[in-house]
Amino acid sequence: MKKFIEEFKAFALRGNVMDMAIGVIIGGAFTSIVTSLTENLINPILGLAGNTDLSKFVLNIAGVELKYGAFLTSVINFLIMAFVLFCMLKAVNKLMSFGKKPETPAAPATKKCPYCCSEIPIEAVKCAHCASELPKEE
């Protein structure tokens, strides 16, 4: 049992798990900020068209309330969250690549025989497929 607890401790304190836990906590806090932004700023502006708050739009069908305004609020929340996360990920990727030199492409390992167009090793002086003597390259 002690070994199991030690293995779990090593797993739980690994960098990836801790990073994920911090990300979930920050994501929860950020969600409340985006929800507040949508409900307190964006919905009233969009509601100016109907002189009401967007989240209060309700459709009654056979005694059932369909709160499509609340659904639109959730869609707006999602779009704002997705846009902000996209921007943050783009910034993180830019920071991660900052200072790195672009990788140079590897030198080709093969070439084409000018006579039979087969792939042959770059060092070859004679084609293995057609037995032609290859011209020397400078």
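Residues take their numbers from the sequence shown, with the count starting at 1.
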**Message:** Membership question, hydrophobic clusters at under 4.5 Å side-chain separation (ILVMFWY): are Ile122 and Leu134 in the same one?
**Reply:** no
**Request:** Report the residues that fulfil side-chain hydrogen bond (donor to acceptor under 3.5 Å, both in side chains) with Ser118, sequence neighbours left out, ordered by chain and then residue number.
**Result:** none
**Request:** Would you please name every residue forming a side chain to side chain contact (heavy atoms under 4.5 Å, CB included) with Pro108, sequence neighbours left out?
**Result:** none
**Item:** Phe71 side, atom CZ; Tyr68 side, atom OH - distance, nearest 0.5 Å
**Value:** 13.0 Å
**Prompt:** Considering only heavy atoms from C-beta outward, does the side chain of Ile80 approach that of Leu37 to under 4.5 Å?
**Reply:** yes
**Request:** List, by chain and then residue number, the residues other than Val92 in its hydrophobic cluster (Ile/Leu/Val/Met/Phe/Trp/Tyr, side-chain heavy atoms under 4.5 Å); write none if there are no others.
**Result:** Met96
**Request:** Give a yes or no on whether Leu95 and Met88 share a hydrophobic cluster (residues Ile, Leu, Val, Met, Phe, Trp, Tyr; joining criterion: side-chain heavy atoms under 4.5 Å apart).
**Result:** no
**Prompt:** What residues, two or more places apart in sequence or in another chain, satisfy side chain to side chain contact (heavy atoms under 4.5 Å, CB included) together with Pro121?
**Reply:** Glu123, Ala124
**Prompt:** Hey, quick one: are Leu89 and Phe78 part of the same hydrophobic cluster, counting side-chain heavy atoms closer than 4.5 Å, chains of contacts allowed?
**Reply:** no
**Prompt:** Which residues pass the side chain to side chain contact (heavy atoms under 4.5 Å, CB included) test with Ile25, sequence neighbours left out?
**Reply:** none
**Asked** Looking at residues at least two apart in the chain, or sitting in another chain, which of them share a salt bridge (charged side-chain N to carboxylate O under 4.0 Å, His left out) with Lys126?
**Response** Glu133
**Asked** Can you list every side chain to side chain donor-acceptor pair (under 3.5 Å) pair that touches residues 88-98, not counting sequence neighbours?
**Response** none
**Message:** Grouping I, L, V, M, F, W and Y whenever their side-chain heavy atoms are under 4.5 Å apart, do Leu72 and Leu59 come out in a common cluster?
**Reply:** yes
**Asked** Partners of Asn40 by side chain to side chain contact (heavy atoms under 4.5 Å, CB included), sequence neighbours excluded?
**Response** Ser36
**Message:** Would a single hydrophobic cluster contain both Leu85 and Val34, if residues Ile, Leu, Val, Met, Phe, Trp and Tyr are joined by side-chain heavy-atom contacts under 4.5 Å?
**Reply:** yes
**Message:** Please find the pair of heavy atoms, one from Cys116 and one from Cys113, that lie closest to each other, and give the distance.
**Reply:** N-SG, 3.5 Å
**Message:** Is any side-chain heavy atom of Val75 closer than 4.5 Å to one of Leu79?
**Reply:** yes
